[in-house]
Amino acid sequence: DAKTTQPNSMESNEEEPVHLPCNHSTISGTDYIHWYRQLPSQGPEYVIHGLTSNVNNRMASLAIAEDRKSSTLILHRATLRDAAVYYCILRPANAGGTSYGKLTFGQGTILTVHP
Amino acid sequence: SQTIHQWPATLVQPVGSPLSLECTVEGTSNPNLYWYRQAAGRGLQLLFYSIGIDQISSEVPQNLSASRPQDRQFILSSKKLLLSDSGFYLCAWSVRRGLSPLHFGNGTRLTVT
């Protein structure tokens with residue numbers, strides 16, 4: 001499986017935008033880029049996913065580089081509730097059956113939000 | 001709406017004792033079901049996944065087993081716990097099609113003493 005590389009930790013101030021980077025230089029053409037986050041003592045929560053085009057939803061935006069070797073999760077206005085571990089995960093689209101669910105989690109980025 | 005329930009939330013068990021963790025999903029049919037484990041300070045490791053009743057695949061050899069006696073029930077078991085079985089166990093579900101997201105429960109924190 002292709003790997004992702006994320007910074008171990010990042011800090012932000014409340015109400016400011018946060019850009020969380022992810023490198024995936026060995027991504028294949030059919031890999032989707034998924035982001036999950038995990039709040040303390042909770043299970044991971046789906047945030048967003050995309051293939052080539054930038055994506056927006058109510059939680060965040062996902063900016064994908066033109067060569068797809070990197071992406072950035074954007075939280076437009078960080079709140080204290082956004083403090084979590086953020087995971088960038090590649091998910092193959094052409095695998096059959098349950099392979100779709102085999103999310104391989106790395107260490108992620110610990111985001112600290114200061115009031 | 002769909003919900004996922006895991007219990008218990010925390011568990012302390014002695015080495016050599018049996019284990020049974022339960023997970024149930026409501027509000028959906030024929031889900032894919034997963035068991036993950038998260039050791040302290042580490043990422044999540046997929047242990048088992050299931051595409052249907054009595055259809056279970058194991059990702060890593062270990063001291064654990066899983067069963068799916070009903071469509072929306074997933075059980076993680078062990079006959080004899082090891083110290084290394086301590087961790088945060090998470091159940092998750094997804095719909096069968098394509099790239100649907102995984103939805104996780106709140107987990108069970110297991111401490112083997």
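Residue numbers start from 1 in every chain, and the chains themselves are labelled A, B, ... in the order their sequence lines are given, proteins ahead of strands.
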Under a 4.5 Å side-chain heavy-atom rule over Ile, Leu, Val, Met, Phe, Trp and Tyr, are B/Ile53 and B/Trp93 clustered together? no

Here the gap from B/Ser100 atom OG to A/Tyr46 atom OH, rounded to the nearest 0.5 Å, amounts to 10.0 Å

What are the two closest non-hydrogen atoms of B/Leu90 and A/Pro44, and how far apart are they? CD1-CD, 3.9 Å

Rounded to the nearest 0.5 Å, the CD atom of A/Glu45 sits from the NE2 atom of B/His103 at a distance of 10.5 Å

Could you name the residues of residues 106-113 of chain B that have a heavy atom within less than 4.5 Å of a heavy atom in chain A? B/Asn106, B/Arg109

Interatomic spacing from CZ in A/Phe105 to CD in B/Gln38 - rounded to 0.5 Å: 8.5 Å

According to a 4.5 Å side-chain heavy-atom criterion applied to Ile, Leu, Val, Met, Phe, Trp and Tyr, with indirect links allowed, do B/Leu76 and B/Trp7 form part of one hydrophobic cluster? no

Flag if over 12 foreign heavy atoms under 6.0 Å of CD1, A/Ile74: yes

Return yes when atom CG of A/Asn8 has more than 12 non-hydrogen atoms of other residues, nucleotides or ligands closer than 6.0 Å, and no otherwise. no

Consider only side-chain heavy atoms of I, L, V, M, F, W and Y, link residues closer than 4.5 Å, and tell whether B/Ile75 and B/Tyr89 are in one cluster. no

Minimum-distance pair of heavy atoms, taken over all atoms of B/Phe88 and A/Gln38: CE2-NE2, 4.0 Å

Tell me, side chain or backbone of B/Leu44 under 4.5 Å from chain A's heavy atoms, or both, or neither? both

Does anything in residues 53-61 of chain A get under 4.5 Å of chain B by heavy atoms, and if so which residues? none

Checking A/Tyr36 side chain against B/Leu102 main chain: does a donor-acceptor pair fall under 3.5 Å? yes

Is B/Leu21 reachable from B/Val12 through a run of hydrophobic residues whose side-chain heavy atoms are each under 4.5 Å from the next? no

